[in-house]
**Q** 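Got a structure for you, written out below as C-alpha cells; questions coming shortly.
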Amino acid sequence: MTEPQWWQSAVVYQIYPRSFADSDGDGIGDLGGILAKVDHLARLGVDVVWLSPVYPSPQDDAGYDISDFQDIEPVFGSLEIFDQLLAALHERGIKLVMDLVVNHTSDEHAWFQQARRSKDDPKRDWYWWRPPREGMTGGDPGAEPTNWGSFFSGSAWEWDESTGEYYLHLFSKKQPDLNWENREVREAVYAMMRWWLDRGVDGFRMDVINMISKAVQPDGSLPDGVVSHGLYGDGTPLFTDGPRIHEYLAEMNREVFAGRDGQFLTVGEMPGVTIDEAIRYTDPARAEVDMVFQFEHVTLDQGPGGKWDVQPLRLTDVKASLGRWQAGLAEVGWNSLYWNNHDQPRAVSRYGSDAPEHRVRSAKCLATVLHLHRGTPYVYQGEELGMTNFPFGGIGDFRDIESLNHYAEATGHGEDPEDVLKALRYMGRDNARTPVQWDDSANAGFTTGTPWIAVNPNHTEINASAQIDDEDSVFAHYRRVIELRHTEKVVATGDFTMLLADHDQIYAFVRSEPGTALLVLANMSNETAVADQIPDAAEWERAEVLLTNAPSPEPSQPRLSLQPWEARVYRRR
Ligand SMILES: O=C(CO)[C@@H](O)[C@H](O)[C@H](O)CO[C@H]1O[C@H](CO)[C@@H](O)[C@H](O)[C@H]1O
C-alpha cells in the first residue's frame, strides 16, 4: 500500500439511532440522545462514528427506506440538532460518517411518487419498471418480469395496477431500486453527497453499494436467476458487482471527492463480494472506495438453505475466512474488521460465549482478536459493554421486517412456527437492535418512555454505568485495544501471519514490521488450551505481555497455556 492513510489507525463506532439513547421520552433513540453520550464515545477513544440512517423515512426498514435524503426524520431530531452533534463530535476529534442508501429509495420519496404517476413521467426511468412476463397477466403469480426473490421474502417485483407495469425492489416493496443506468439519477445522488460534505460530514458508509449495477441485457430485459432452493430464482449473480459497478464508483469518487480538501472515509457494504473484487474496489490507484464490508465470516453458520438454515460455527472456518482476507488484501486494498452490526446477531453470543462464567472474558477476547488484525475495526454500539442476544419469545417480540416477512412466508408454506422462531431467535437482526444498556434502571437509562423494542433483562448486570470506572470491565478492555491501534504502528500497518490454522480452540497470529513483532494468542473455547506448537515458542514465552484479559498462568502451568477465552498479546522488539 502507498502512503499510510489516517483510517488505517482509526477505529469506527457504529450508532443505530433508534436504539442508542432517547432524549424526548418517546421510546425511540434520537440525535439528542447521541449528543448526550458523546463523552462515552470520547472516553472509549474511537475516531469515527458511523451513523445509521436518520433521514425522513416511513421506517418500513427502520430508516433504510429514505423519503428525503437532505433532511432529518423528526423522530430523530432536526438538521439543527444534527449540526450540534457534528460540532460536538468534531470538538472531541471524532469524525462523522453518514449512511448512504442509494441502491433504493422509499416508495414515499418524491422521485418515486413522480415516477409511478405515468409511464411518460420524466422520472419514470429513475427506477426499474418492466411489463409482465410475455403472455401473462400482471399481478398473477409468475407474471413477474424475472423470478428474483426479494431479500425480505416474496418476489423482488411489485405490480403497479395504475400504470400496468412492475417495479423492482430487492428489499421491501416500499424500497424500489434506483436505476443507476440513468445519468440523472447518478448526478442527483452525487449532488446530495456533496451537500452533506459541505455540511461538514467526513464520509459515507454505502449501503449494498455493489448492487447498484444490474446485468441488463442489450434488449433491456433482465435475466432470470437459477432456482436452487426456496420459491424464487437467485438474482444475486445478476446484480452483485454488476457490469458497470467500477465505472459508477470511480465516477462517484471523481464527482464527489476529487479536489475536495479534508480527510474522508468511504466504506462500501458489499454482500457477496470476493477478494479479487475487493482488491479492485479498494486499490487506491483506482480511487473507488477506501474499504469494503465483506460478508464471508458472517455467513459461516448459514447452511445451503440460507440465512435461516443455522449451522454450528467452527473456529477453523472463521480463521480460514479472515485469514484469506488478510492475505488477499495484504499488498493492495484494505479490510474492514467487524464481528457484528445492526444486521447481525451480537458478537459475544455468536462468536464468543454469553454463558455467565465466560461472557466478560470472551467479549474481551473477541475485541483483542479482531482489533489486532490488519484493517479498520468497527465497534457496534453495546459491543463495548459485552451486550448479548435477546431472549426472544414469540413472533410478537420481533420488529424487523426481514424477520416478520420470513416468519409469515415460512409458516405460510407449512414450516413449524417453533422451528422458524428458533432461527429468528439466533440469527434475527433484532438481536442487535435492543436498546443500549446505559444503567440498571427500568429501561436501562435508554428512555423515560416505553422503548420501541424491549430492553434486554440482563441490563441489570450488563450496563455502561457499571463498567465506565471499572478497569476490569469489557469497556475498559475495548479502550485498551483501541489505544493500542493509536500507539503501535505495527497494529495499524504491520504484516499479518496466521499461526495454528487447524487448531480448533486457539486463534493465533503474528503482526510484524521491521524491529517489532506482536504475537496474539487467544483461546476461543470453553476449555483450557496450550499454544506451545507456535514457532519460536521459547522466545515468545519470555517476551513482554502488552495486553491480556486474564491473570498470568500459575507457575505450575505451561507458560503458553490459556484459560477458556483467555487472550494475550506479546511484543518482541
Ligand atoms: O441483513 C442481512 C442479512 O440478514 C443482510 O443481508 C442485509 O440485508 C444486507 O447486508 C444489506 O443490508 C443493508 O441494506 C438493507 C436494505 O437497505 C438494510 O435492511 C440493512 O439494514 C442494511 O445494512
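Counting convention: from 1, in listed order, for ligands and their atoms alike.
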**Q** Under the side-chain hydrogen bond (donor to acceptor under 3.5 Å, both in side chains) criterion, do Tyr64 and Gln59 qualify, and how do the steps go?
**A** CA-CA 7 Å; Tyr64 280 89; Gln59 304 291 319; over 6 Å; no
**Q** Show the atoms of ligand 1 that are less than 4.0 angstrom away from any heavy atom in Val208.
**A**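 It comes down to these atoms of ligand 1: 11 (C), 14 (O).
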**Q** Determine, considering heavy atoms only, which of Tyr64, Phe151, Tyr16, Phe171 sits nearest to atom 8 (O) of ligand 1.
**A**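 Considering heavy atoms of Tyr64, Phe151, Tyr16, Phe171, the nearest to atom 8 (O) of ligand 1 sits in Phe171.
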**Q** In terms of atom number and element, which parts of ligand 1 are under 4.0 angstrom from non-hydrogen atoms of Asp61?
**A** 15 (C), 16 (C), 17 (O), 18 (C), 19 (O)
**Q** Check each atom of ligand 1 against the heavy atoms of Phe152 and keep those under 4.0 Å away; list them by number with element.
**A**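 Answer for ligand 1: 19 (O).
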**Q** Go through ligand 1 atom by atom and flag the ones less than 4.0 Å from a non-hydrogen atom of Arg429.
**A**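 Here the atoms of ligand 1 in question are 1 (O), 18 (C), 19 (O), 20 (C), 21 (O).
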**Q** Could a heavy atom of Met211 be found less than 4.0 Å from some atom of ligand 1?
**A** no
**Q** Which atoms from ligand 1 have a heavy atom of His104 less than 4.0 Å away?
**A**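 Going through ligand 1 atom by atom, the ones under 4.0 Å from His104 are 16 (C), 17 (O).
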**Q** Would you kindly say whether Asp354 and Asn389 are connected by a side-chain donor-acceptor distance under 3.5 Å?
**A**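 Short answer, no.
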**Q** Which atoms of ligand 1 have any heavy atom of His342 under 4.0 Å away?
**A**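 By the 4.0 Å cutoff, the relevant atoms are 20 (C), 21 (O), 22 (C), 23 (O).
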**Q** Would you say the side-chain atoms of Arg116 and Tyr167 include a donor-acceptor pair closer than 3.5 Å?
**A** no
**Q** Short list, please: which atoms of ligand 1 are under 4.0 Å from a heavy atom of Glu402?
**A**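 By the 4.0 Å cutoff, the relevant atoms are 1 (O), 2 (C), 3 (C), 4 (O).
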**Q** Take the angle between the ring planes of Trp157 and Trp148 and call it parallel below 30°, perpendicular above 60°, tilted in between.
**A**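 The arrangement is tilted - the two ring planes meet at 30° to 60°.
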**Q** One residue to check: Met206. Relative to ligand 1, which of side chain, backbone, both or neither has a non-hydrogen atom less than 4.0 Å away?
**A**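 The answer is neither; Met206 stays 4.0 Å or more away.
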**Q** Taking 4.0 angstrom as the limit and counting only heavy atoms of Phe295, give me the atoms of ligand 1 inside it, by number and element.
**A** 10 (O)
**Q** Under a 4.0 Å heavy-atom limit, does Gln344 contact ligand 1 with its side chain, its backbone, both, or neither?
**A**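 Looking at Gln344 and ligand 1, no heavy atom falls under 4.0 Å.
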**Q** For this output row, return yes or no: ring centroids of Tyr55 and Phe76 closer than 6.0 angstrom.
**A**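 No.
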**Q** Determine whether the aromatic ring centres of residues Trp128 and Phe239 are separated by less than 6.0 angstrom.
**A** no
**Q** Do the two ring centres, one from Phe69 and one from His109, sit under 6.0 Å apart?
**A**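 Distance test on ring centres: under 6.0 Å, yes.
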**Q** Just to confirm my output: which protein heavy-atom neighbour is closest to atom 4 (O) of ligand 1, and how far is it?
**A** Lys307 NZ, 2.0 Å
**Q** Note the single closest protein heavy atom to atom 21 (O) of ligand 1, along with its residue, its atom name and the distance in Å.
**A**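 Heavy-atom neighbour on the protein nearest atom 21 (O) of ligand 1: Asp343 OD1, 2.8 Å.
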**Q** Answer yes or no: is there an ion pair linking Glu255 with Arg183, defined by an N-O contact shorter than 4.0 Å?
**A** yes
**Q** Who gets closest to atom 17 (O) of ligand 1 by heavy atom: Asp207, Val101, Val102?
**A** Asp207
**Q** Can you tell if the side chain of Ser213 reaches within under 4.5 Å of the side chain of Trp180, non-hydrogen atoms only?
**A** no
**Q** Using a 4.0 Å heavy-atom cut-off, which part of Arg433 comes near ligand 1: side chain, backbone, both, or neither?
**A** side chain
**Q** Side chains of Glu251 and Tyr190: is there a donor and an acceptor less than 3.5 Å apart?
**A** yes
**Q** What do we get for Glu269 next to ligand 1 when only non-hydrogen atoms under 4.0 Å count, side chain, backbone, both or neither?
**A** side chain
**Q** For the ring pair His373 and Trp325, is the centre-to-centre distance below 6.0 Å?
**A** no
